[in-house]
2 protein chains.
Amino acid sequence: MAGADFASRVTLNDVAAAAGVSIATASKALNDTGRMSVETRGRIRRVALEMGFRPNALAKSLTSKRSFTVGLLTNDTYGRFTLPVMAGISEGLIDHGVSVFLCTVEDNPELAKIHVDAMLDKQVDGIIATGKRIDKPLPVDLSKLSVPVVYALTAGPSDAVTLLPDDQRGAREAVQHLVAQGRRRIVHVTGPRGFRVVQERADAFAEALERAGLPVSDAAILRGEWSERWGHEAVEVLWSDDAQPDGIFCGNDQIARGVIDALRERGVGIPGDVSVVGFDNWEIVAEQTRPPLTTVDMNLKELGRQAGQALLRLVNGETVQRGIWKLPCTLVVRGS
Amino acid sequence: MAGADFASRVTLNDVAAAAGVSIATASKALNDTGRMSVETRGRIRRVALEMGFRPNALAKSLTSKRSFTVGLLTNDTYGRFTLPVMAGISEGLIDHGVSVFLCTVEDNPELAKIHVDAMLDKQVDGIIATGKRIDKPLPVDLSKLSVPVVYALTAGPSDAVTLLPDDQRGAREAVQHLVAQGRRRIVHVTGPRGFRVVQERADAFAEALERAGLPVSDAAILRGEWSERWGHEAVEVLWSDDAQPDGIFCGNDQIARGVIDALRERGVGIPGDVSVVGFDNWEIVAEQTRPPLTTVDMNLKELGRQAGQALLRLVNGETVQRGIWKLPCTLVVRGS
DNA sequence: AGGAGATGAGAAAAGGGTTTCTCAAATTTT
DNA sequence: AAAATTTGAGAAACCCTTTTCTCATCTCCT
């Protein structure tokens, strides 16, 4: 039960005094700059090490104009997408000594502004905006900021650097996998019409079918909500018809889960009678379906890593290709 | 395709010059300290506003010894627990102008040290340690740091401030709910023996049964893994016996999901024949079960908020009750 | 030996604020 | 009217590091 007093840290001044030199010399010794004898440099370093000296990053930043800090802004409260992206960013940047402020702004413009202001006040070197929909922007305009911004998994201005998974290629691979399994009557059960990813995946689905020489029909694309329930319903719809599919490509893993459960309830064999492929590789869902779900992984961690690298380059004033970067998806083959 | 140059920010110096006063006066005008005429103060403020002046938080921190920054350290890569906690912390602290560094350290001691050092270098005011198991510490010793530390949902030293959900009360409420539904043959299907929460929830389960005047038997507690599969298996075990339960309290929502699915497959009515209660209120699971799962919510966001508040008090040198704080859980009644 | 160049290290300014003094001018008191 | 306060605002020190100068001392060359 206490508010303890915490020891104040060792400063460069302390080190310099202990080593019997000026702080200028001490600074130079530790940064491997300036001119001095090897003995002096060694002695100062030894003293610093012994005293456990760690330079105050704030003071450093004040002169260097670099805080080695970036802000990550997200409206994905649930974190399904943000966390892998965050992990990638963090992993890619910690080697450069960069730390990440995570700010969840929901869809609240005031809150978003508060967070952005707080980040700018703290002199972040840059900002990464991320979200859960690639066709909706965050509730705040980041285009006129005094620091560079990279967009990942969210909509940004067209002249910005934006990283997105290559949904279309992912969808194509999913279909190709189904075709390779010998499936010929393939349908697509996906989310609501309003989502860009729904459009893109559906287009790629149709295109892949065509390339495979299979008939393409509008009826093969069923749109609903992003839920297990819709997966069930879709199976009901499909199986109330005469011609049942032998391959189902789902718009996300939850729908796939619903589809698989519904098929199993009907006694349809998976993957014996029907093969199912999901999208997202949300492991908590995909690994628990029976059988485990074959699905498309968006490699979000890698996407985060690249977003971090891109931001770093912008911060360093290097040139970076503007526009949309589509990063490859990977088909994860499991048992479905 | 460019590394743009970004406008440098307005400094106090700029404001002072524009207002025709010294920076000392400008500083005092904006902070509502010092002595000056109301006209001067007003003029300076107006100028600052017009110029869009925002003080450099780094410079402020250098003198104030407060960075208004805290570090959140977690080993919960998947974020199931960390994200709600993070959201609560952030929500509770942003009003005080505090931003949060999120660092995921997995179980890697080196990585953890790197992150902790980076945070300390950046002069965080304090650190919150969080994880996915209340009986395992993070892979780094935070007890001798120069800043206060609060533990949430992870093991810390006994003299530290540690916030945990009140698992026992949550479990009791779950059982009481089952009893109130008229259930008399209640069993507990939970996770592996090694977990402290398993022990605690099981103890509370037994105690609650006893209080309700129901027979308590060791056989009523089935331990397995934290998975849907184990939920299925447990139902198999239970239904291979003569006396089947009419109430099942599960150690987490995934197990509950497995139990519900298995029961439905057997044609057992939920909640007609058997009531099921889960633990965690992992909405993505709980809301998609059929019927939706009644479960115990650990109020992690509130836990995070309180962790933030506690840390702030420690930072301010206020006294804080050491030891373990058990925060209430809430039963969320849905359809099971 | 005298001057040029190299060497080692410190003084001082800068970075953007806060805060404690100091001090002249204005106001109040006697 | 002279002395004592109060008021308004600036000078300067400080927070911690970096970096550019400056300068005294050595070493080397002719």
Whole angstrom is fine here: how far is it from [atom1] in [X] over to [atom2] in [N]?
X: B/Arg41; N: D/dT7; atom1: CZ; atom2: C1'; value: 12 Å
X: A/Leu30; N: D/dC16; atom1: CG; atom2: P; value: 16 Å
X: A/Met36; N: D/dA24; atom1: CE; atom2: C1'; value: 17 Å
X: B/Arg35; N: D/dT7; atom1: CZ; atom2: C1'; value: 6 Å
X: A/Asp32; N: D/dT19; atom1: CG; atom2: P; value: 13 Å

At their closest point, which heavy atom of [X] faces which heavy atom of [Y], and how far apart are they?
X: A/Arg313; Y: A/Val320; answer: CB-CG2, 3.6 Å
X: A/Met51; Y: A/Val15; answer: SD-CA, 3.9 Å
X: B/Asp76; Y: B/Phe81; answer: OD2-N, 2.9 Å
X: A/Ser90; Y: A/Val100; answer: CA-CG2, 4.4 Å

Quiz item: So, is B/Ser22 close to the D/dA11 phosphate, meaning a side-chain N or O under 4.0 Å from OP1 or OP2?
Solution: no
Exercise. Compute the bend angle of the helix from C/dA1-D/dT30 to C/dT30-D/dA1 from the end axes (five pairs per end), rounded to 10°.
Key: 60°
Quiz item: Just checking, is any N or O donor in the side chain of A/Lys122 or B/Ser99 under 3.5 Å from an acceptor N or O on the other one?
Solution: yes
Exercise. Report yes or no: do A/Ser143 and A/Asp141 form a side-chain donor-acceptor pair below 3.5 Å?
Key: yes
Practice problem: Between protein and nucleotides 16-21 of chain C, map the contacts as a letter string: B base, S sugar-phosphate only, - none, heavy atoms under 4.0 Å, written 5' to 3'. | Solution: BBBBB-
Identify all side-chain donor-acceptor contacts of residues 124-134 of chain A below 3.5 Å with residues at least two apart in sequence or on another chain.
residue	atom	partner	partner atom	Å
A/Asp125	OD1	A/Ser67	N	2.8
A/Asp125	OD1	A/Ser67	OG	3.3
A/Asp125	OD2	A/Arg66	NH1	2.8
A/Asp125	OD2	A/Ser67	N	3.4
A/Asp125	OD2	A/Phe68	N	2.7
A/Thr130	OG1	A/Ala152	O	2.9
A/Lys132	NZ	A/Asn75	O	3.4
A/Arg133	NE	A/Asp135	OD1	3.0
A/Arg133	NH2	A/Asp135	OD1	3.4
A/Arg133	NH2	A/Asp135	OD2	3.1
A/Arg133	NH2	A/Gly194	O	3.4

Quiz item: Counting N and O atoms only, with roles assigned by atom type, does the side chain of B/Ser61 sit under 3.5 Å from a partner on the main chain of B/Ala57, one being a donor and the other an acceptor?
Solution: yes
